Every structure is written in C-alpha cells, then in structure tokens.
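Okay, so here's the structure we're looking at.
Small disclaimer: the values here were computed from a predicted structure and weren't measured.
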Amino acid sequence: MPESKGYIKSSDDKGSINICQNVVAVIAASAAVDIEGVYGLYQSPGRELTTVSGKKGISKGIKINIDGDNVSVDVHFIAKLGYAVNEVGTAVQNAVKSAIEEAVGAKVTAVNVHICGVSIKKAKPTT
C-alpha cells in the first residue's frame, strides 16, 4: 500500500491508525508556545499572531512534512524582548521534537526554527 502524504500511518492485525498532519501541527504549536520567551506563532505579513487560547488556527505558523514515519517541522514565531533568541529557538526545537515523538511515535528528523520578530510590549499609561 503506498504511503499517503499528510498522514502518519501504522497498522497491525487489528486495523490501522492514521494521524493527520494537522494533529501533528497542533502538538508542535502547543509545545512551541509553552516555551518561556515565545510571544506567539507567526503566520505571514498581514495576518494575526496566533496563540493557544482556544482560537481557531492554533497551528498557523507551523509547517509539517511527513515522509513515512519521519516528520520534519518548520516553526515560525515571535520572540519576547529580553530573551536570548538563540536559546529560545533551541528550547523550541527540543520541546517540539520531544512532544511529537512522544505523542505520535514518529521520528522527528528536523525542527527548523524561524524567529520572525521580537515583541515589544508598550507600557500602559498611568493616569
């Protein structure tokens, strides 16, 4: 049976389990935004920042490529000002890899991190 792109497939004598790439993307997104120093996921210019607050489109900013049981991930996010972005990026790589491997049992071959900006929180005016 040929492998279908977009699914992680496993089967045995009881049947098969097919995990859609959207599920893998949500797992990756959740792991990424839980990292200290990540402000939110980044989509593309002109679109809103996405967070894990139950909003539709949580996996925006995540690109998943599935090849058999191997998964590669691209994570696009905005970092918080005041954090070492290279350390935040490494933490995101480790968290995403671990979350996917534990949740779906697939081998993560790469987690490519794209830090697309830095958030600058404005102080609230006092009256």
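- Between Ala28 and Val96 the shortest heavy-atom distance is O-CG2, 3.6 Å.
- Between Tyr39 and Val118 the shortest side-chain heavy-atom distance does not fall below 4.5 Å.
- Taking all atoms of both residues into account, the shortest heavy-atom contact from Ser119 to Ile78 is N-CG2, 3.6 Å.
- Remark: Ile17 CD1 to Asp12 CG distance equals 7.0 Å, nearest 0.5 Å.
- Residues Val108 and Glu101 are in side-chain contact: their nearest non-hydrogen atoms beyond the backbone lie under 4.5 Å apart.
- Closest of all the heavy-atom pairs between Ala31 and Ala95 is CB-O, 3.7 Å.
- Looking at Val88 and Phe77, their side chains come closer than 4.5 Å, going by heavy atoms from C-beta outward.
- Without hydrogens or angle criteria, Ser16 side chain to Ser10 main chain gives no donor-acceptor distance under 3.5 Å.
- For Lys80, the NZ atom is densely surrounded, since the number of other residues' heavy atoms within 6.0 Å is greater than 12.
- The OH atom of Tyr42 sits 14.5 Å away from atom CD1 of Ile62, with the distance rounded to the nearest 0.5 Å.
- Applying the side-chain hydrogen bond (donor to acceptor under 3.5 Å, both in side chains) test to every pair with at least one member in residues 85-96, sequence neighbours left out, gives no pairs at all.
- Annotation for Val113 and Gly89: closest pair CG2-O, 3.6 Å, computed over non-hydrogen atoms.
- Nearest heavy-atom pair, Ala29 versus Leu41, reported as atom, atom and distance to 0.1 Å: CB-CD1, 3.5 Å.
- If you take SG on Cys20 and CD1 on Ile66, they are separated by 7.5 Å, rounding to the nearest 0.5 Å.
- If you take CD1 on Ile100 and CD1 on Ile27, they are separated by 7.0 Å, rounding to the nearest 0.5 Å.
- Every pair tested for ring pair (Phe, Tyr, Trp, His ring centres under 6.0 Å) that includes a residue from residues 88-107 fails, sequence neighbours excluded, so the list is empty.
- Note that OG1 of Thr109 and CG of Asn70 are 5.5 Å apart. Values are rounded to the nearest 0.5 Å.
- The side chain to side chain donor-acceptor pair (under 3.5 Å) test applied to Ser98 returns Glu102, not counting sequence neighbours.
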